[in-house]
Each structure stands twice: as C-alpha cells, then as structure tokens.
Amino acid sequence: MHPLHLFQYCPRCGSHRFVENNASSKRCEDCGFVYYINPKAAVAAFVMDNRSRLLVCRRAFEPSKGMLDLPGGFTECGETVEEAVARELSEEIGWYPDQMRYMYSFPNIYRYSGFDVHTMDLFFLCKYKGDSGALAAHDDVESCFWLSRDEIHPDRFAFQSVRRAITLLLNDDACWQVD
Ligand SMILES: [Zn+2]
C-alpha cells in the first residue's frame with residue numbers, strides 16, 4: 001500500500017486527481033503540486049543510573065498502551081535531536097539531561113489515528129547522576145522504574161525499533177560498566 005494512500009485530494013487545489021508519483025510521493029495532475037513522505041525523526045533515551053540500571057517506562061496511551069518503552073518522542077519543527085531528547089525527558093520524567101551520547105538509529109512504523117507513520121528513531125545514552133528514586137512519571141508515561149541488565153527482555157518493549165536498540169545495548173558491555 002502506498003504510504004500516502006489516505007491522502008486522496010491535492011492539499012493545494014483540492015483536486016481528486018492526486019496520483020502516485022513514485023514510491024514515496026504523490027503528484028497533482030491539475031496543478032502540478034508534488035508531496036513527498038519521509039520518515040519523521042523521533043528520539044528515545046537510554047537513561048542509566050550510577051548503579052548501571054536502565055530507566056524503563058510503561059506506556060499510558062495507545063498505541064501499545066501498557067507495554068514497556070523508553071522515554072522519548074517526536075522531534076518538533078526547528079529543534080535539534082539533542083533538544084528533543086532533553087525536552088522529552090523533562091516532560092516525561094522531570095529531568096533535564098546535561099549531556100548525552102548518540103548510539104543507534106532504527107526505522108519504525110507507528111500506527112496512529114488509523115495511519116502508518118514512518119519514523120526514524122534515534123537512540124541516545126544519558127547518564128543520570130542524581131537520586132534514582134527522585135524521577136517520576138509525567139505526561140504520556142504511566143509509570144517508570146529502573147531495571148538491571150539481567151531484568152531487561154527486549155520482547156516486552158512496544159516497538160520493533162526499541163527492541164532492536166535494546167538488544168544492541170544489552171550486548172554492549174562498555175555501557176553497563178559502573179563508573
Ligand atoms: Zn492540485
């Protein structure tokens with residue numbers, strides 16, 4: 001199915017002759033308007049405390065309500081991915097990280113409002129030096145808690161991209177060293 005199959009009319013002139021141009025775009029046969037769909041940049045954070053435990057959240061809303069997830073979300077227009085990580089952590093767990101390290105990227109398909117949203121999920125590692133008990137769930141997170149390396153099972157996480165990233169992290173010994 002074409003990724004723009006729900007876009008049936010030209011957004012510029014309203015023509016119904018808004019047809020597939022190639023695998024990722026549609027073109028209006030009346031006014032010539034062309035629209036491409038590309039993955040949306042999204043961020044997720046591996047927040048680790050000074051005992052090398054990973055902060056894991058339970059999703060409060062659909063899609064995948066009740067499943068495990070990492071804190072994160074979509075980037076907004078005009079911000080950097082680092083700013084998006086800091087904003088999302090501040091919104092979801094009440095903590096504003098002062099440094100982070102880029103780790104991995106994986107594509108994902110996020111079903112929302114009856115539409116398959118293609119994303120590019122960017123994963124960052126953030127070391128949390130404060131009191132581990134002080135972080136609390138806010139916003140679209142139901143709860144959050146810390147898991148040690150041997151308590152983490154990738155198949156309990158909501159999205160394929162997150163499962164793939166967690167699998168890589170679990171195999172990366174250097175990330176789990178207590179410092
Ligand atoms: Zn048009």
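The shown structure was predicted, so the numbers you read here are calculated from the model rather than taken from an experiment. Every number for a ligand or one of its atoms is a count from 1 in the order of the listing. When a residue number appears, it is its place in the shown sequence, counting from 1. All values below were derived from every heavy atom in this structure, side-chain atoms included, with hydrogens, water molecules and symmetry-related copies excluded.
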Decide if the gap between the ring center of [X] and the ring center of [Y] is smaller than 6.0 angstrom.
X: Phe46; Y: Phe123; answer: yes
X: Phe74; Y: Tyr110; answer: yes
X: Tyr102; Y: Phe124; answer: yes

Practice prompt. Over all heavy atoms of both residues, which pair between Lys26 and Leu4 is shortest? Give the atoms and the distance, please.
Written response: NZ-O, 3.3 Å
Worksheet item: Which atom pair, heavy atoms only, marks the closest approach of Phe18 to Phe7?
Response: CD2-O, 3.5 Å
Discussion item. With a sphere of 6.0 Å drawn around CZ of Phe115, does it hold more than 12 non-hydrogen atoms of other residues, nucleotides or ligands?
Written reply: yes
Worksheet item: Excluding waters, which protein N, O or S atoms are within less than 2.8 Å of the Zn ion (ligand 1)?
Response: Cys10 SG, Cys13 SG, Cys28 SG, Cys31 SG
